[in-house]
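See structure below.
As the structure is a prediction and not an experimental result, all values here were calculated from the model. Protein chains get the first letters and strands the later ones, always in sequence-line order, with residue 1 at the start of each.
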Amino acid sequence: MNGSSARPSRSSEPTPHGAPKPRRELSDLQFALVVTVPVLLFLVVVVAYPLGYALYMSFHDIRFFGGYSAEFIGGENYAGVLSDSAFWGALWLTIRFTIVTVLLGLLIGLGLAIVLRDLPPGWKWLRALIILPWAVSPYGTGIFFAYLGRGQTGFGTAFANALGIDEAINFISAQWVIEYLAFGNAWNMAPLVAFFLLANMLTIPKRLYHLAALDRMNRFEQFWNVTLPPLRFTLFVFSCILTVLALKTFDFIFTQTQGGPGNASSVLTYLIYRISFVNLNLGYGAAMSFFLLALILGLTGALFFFWGRKVSR
Amino acid sequence: MARIELKDINKSFGEHQAVKGLDMTIEDGELLVLLGPSGCGKSTTMNMIAGLEDASSGQILFNGRDVTDIAPFERNVAMVFQSSLLYPHLTARKNIRMSLKRTKLSSAEIDKRVEDAATTVDVTHLLDKFPAHLSGGERQRVATAKAIVRQPDCFLLDEPLSALDAALRLSLRSELVNLQKRLHTTMIFVTHDQVEAMTMGDRIGVMRDGRLEQIGSPTDIYNEPQTLFVAGFVGAPPMNFFDGAIEETATGKVFANADMRVPLTGSAAELDPRARVVLAIRPHLMELCEEGPESVPLKVYAIEQLGNEAIVVCDGPNDNRIRVVVAPGYSAQIGSTIHARFNADVAHFFDPATERVIPKLTKAAA
């Protein structure tokens, strides 16, 4: 950004009364400050302050009964989280949910992108239509998938009936609920992944496929050597995005299963919500949320360390 | 080694017919250049020879064997593409190896052949680099190594030099010809650059609108163009054209239009009178002269100094550009009128209706 955005306004054009007054232009630094300071202030208010307050709470025992009190208890909340079996259970569910979401999201996205790329000439408009699932709010997706998954109303039972099996198949069961939720979440995100992958794919020169044909590659080798390499960076970026979104998913699970059946879908965000806002154990909930933050930073950091450094050069 | 025959090849993309009734034979060990403007069907023809596209009808023979329906790799051809396409995620060495991956050769043999190919085109020091880190010329050499490592029966090159700068193009042009003569492998080279075609080809096939206009040695194509298109496309500076008629007069036949009357001498004297004819004459064969009945008036538009000669670019009588090659250092006022003449004996005559040449020796042949 150079100083041209701070060009003298119309009022400084020459007037009949004499030469225009020279206007001082903003330097690049001044301009940068003018543009960013309000945003930074805003971020301090809406991010830094709550984060700092959460940190403060996590070292205190906060009580509402018998009058509000906050008693400093050091690292006791953190120690408590580490010895809490509910935390470890929720952590495992969160990781399972995240891994399945990322894998399904990328796979469905890749599959969609390939289908959209190979559409026959009269069907290209489908490319525009396919973005719709992404436009559905997680809240809507949750309700939608809840009905689709239940034994009474879901497609599992419908398929079973169509095959002549008289049995209700419930995906929202203790055994499969996490995978089912991850599937719904992936359905929500996959179109966006597909769009970015499709944009990448369309930049691959057609001649490269000819080269692969002359080199006698089969379809899999062709996919591996021609189609996939230019997609690697996009796949990495979306792994990170999907990882972060999956780790912090709350609304989707809240509307669909409320952490159930039992505690089978009580992921970390849901557990933290219950501890902090149902049981009003704010200090303990705040401490647990910092473990979630560490998990998010750790996983995305690991992704970058083991994968991102290789593809972003 | 392969002798390639194309027999009545047609190719349509929906409504659009890209190649129409193409008959052509490429001799074993020959370097044939397919020359034509973009969209003339030359790349499609090459794709069909490689097997990357199926011909809509017709036959392709390699050494007499019908390969029309055979997959690309079974034809044992190697191709170098425009902008020297390589797999971007593989090093130069792996790119070259990829040509042999599906052969039954042992890993040691493959290594040896890769080394040999790399030595042939002088890229041994580049083998462990990625395509993105190679210059245009280096990429072109690696792509060539990838082609020759296969020891193919035929090389197919699709405008491999068009993305390079002029100096590099000049040096790689002769390198490729030298390589082809050394390996003595049939090579088909597609280009839209007539200089490239003239300098490289044993023979040139000029294509337009999916048809082969003319095929022959560069000298034939240059000296005996069979159609108006070939006459105008080949040669730099390009051919000059004059519309007119051939008339019979008391003193002999003349080429006549509103501006000039040129007596037909030599072989041109044998042409029959006709109302409409296009006369084509190379700029080198015209000379400046005083105003006279045989000369054509020209308005100077620009002068191009080439050092060893100069080209006067003029507006001709029908608003077409006429070029005359003159001695270096020639100068004239832009916009001034000059006069030029030529000897009709060395001119070409075309029928504007068919756009084909009017043979000068009709009577002798008959």
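Surrounding NZ of K112(B) are at most 12 heavy atoms belonging to other residues, nucleotides or ligands under 6.0 Å away. Within a 6.0 Å sphere centred on CZ of F42(A), heavy atoms belonging to other residues, nucleotides or ligands number 12 at most. The number of heavy-atom neighbours closer than 6.0 Å to CZ of F155(A), taken from other residues, nucleotides and ligands shown, is above 12. By the 6.0 Å contact criterion, CZ on R182(B) is enclosed, its count of non-hydrogen atoms from other residues, nucleotides or ligands being greater than 12. Counting heavy atoms of neighbouring residues, nucleotides and ligands inside a 6.0 Å radius, atom OH of Y139(A) does not exceed 12 of them.
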Can I get a per-line list of side-chain donor-acceptor pairs under 3.5 Å for residues 243-251 of chain A, giving both atom names and the distance, sequence neighbours left out?
from    : atom 1 : to      : atom 2 : distance (Å)
T243(A) : OG1    : S239(A) : O      : 2.5
T249(A) : OG1    : L245(A) : O      : 2.7
T249(A) : OG1    : A246(A) : O      : 3.1

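At a 4.5 Å heavy-atom cutoff, P230(A) makes no contact with chain B through either its backbone or its side chain. At a 4.5 Å heavy-atom cutoff, L100(B) makes no contact with chain A through either its backbone or its side chain. With a 4.5 angstrom heavy-atom cutoff, R75(B) does not touch chain A via any of its atoms.
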Report task. Assess whether salt bridge (Lys or Arg N to Asp or Glu O under 4.0 Å) is satisfied between D215(A) and R150(B), documenting all intermediate values. Result -> CA-CA 10 Å; D215(A) 283 343; R150(B) 204 192 299 250; 2.9 Å; yes
Report task. Evaluate side-chain contact (heavy atoms from CB on, under 4.5 Å) for H89(B) paired with N225(A), printing each intermediate quantity in order. Result -> CA-CA 8 Å; H89(B) 67 297; N225(A) 285 302; 3.3 Å; yes
Report task. Report the C-alpha separation of R207(A) and D158(B) in whole Å, then their side-chain angles, then the decisive distance to 0.1 Å, and conclude whether the side-chain contact (heavy atoms from CB on, under 4.5 Å) test is met. Result -> CA-CA 10 Å; R207(A) 279 305 209 184; D158(B) 187 6; 2.4 Å; yes
Report task. Determine, stepwise, if the pair M98(B) / L214(A) fulfils side-chain contact (heavy atoms from CB on, under 4.5 Å). Result -> CA-CA 10 Å; M98(B) 202 55 102; L214(A) 288 167; over 6 Å; no
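Note on E74(B), K146(B), K101(B), E53(B): by heavy-atom pairs under 4.5 Å with chain A, the leading option is K146(B).
Distance check: M217(A) CE to F73(B) CZ gives 12.0 Å after rounding to the nearest 0.5 Å. Between the CG atom of L211(A) and the CG atom of L85(B) there is a distance of 6.0 Å, given to the nearest 0.5 Å.
Applying the ring pair (Phe, Tyr, Trp, His ring centres under 6.0 Å) test to residues at least two apart or on different chains, the pairs with a partner in residues 105-128 of chain A are W123(A)-W125(A).
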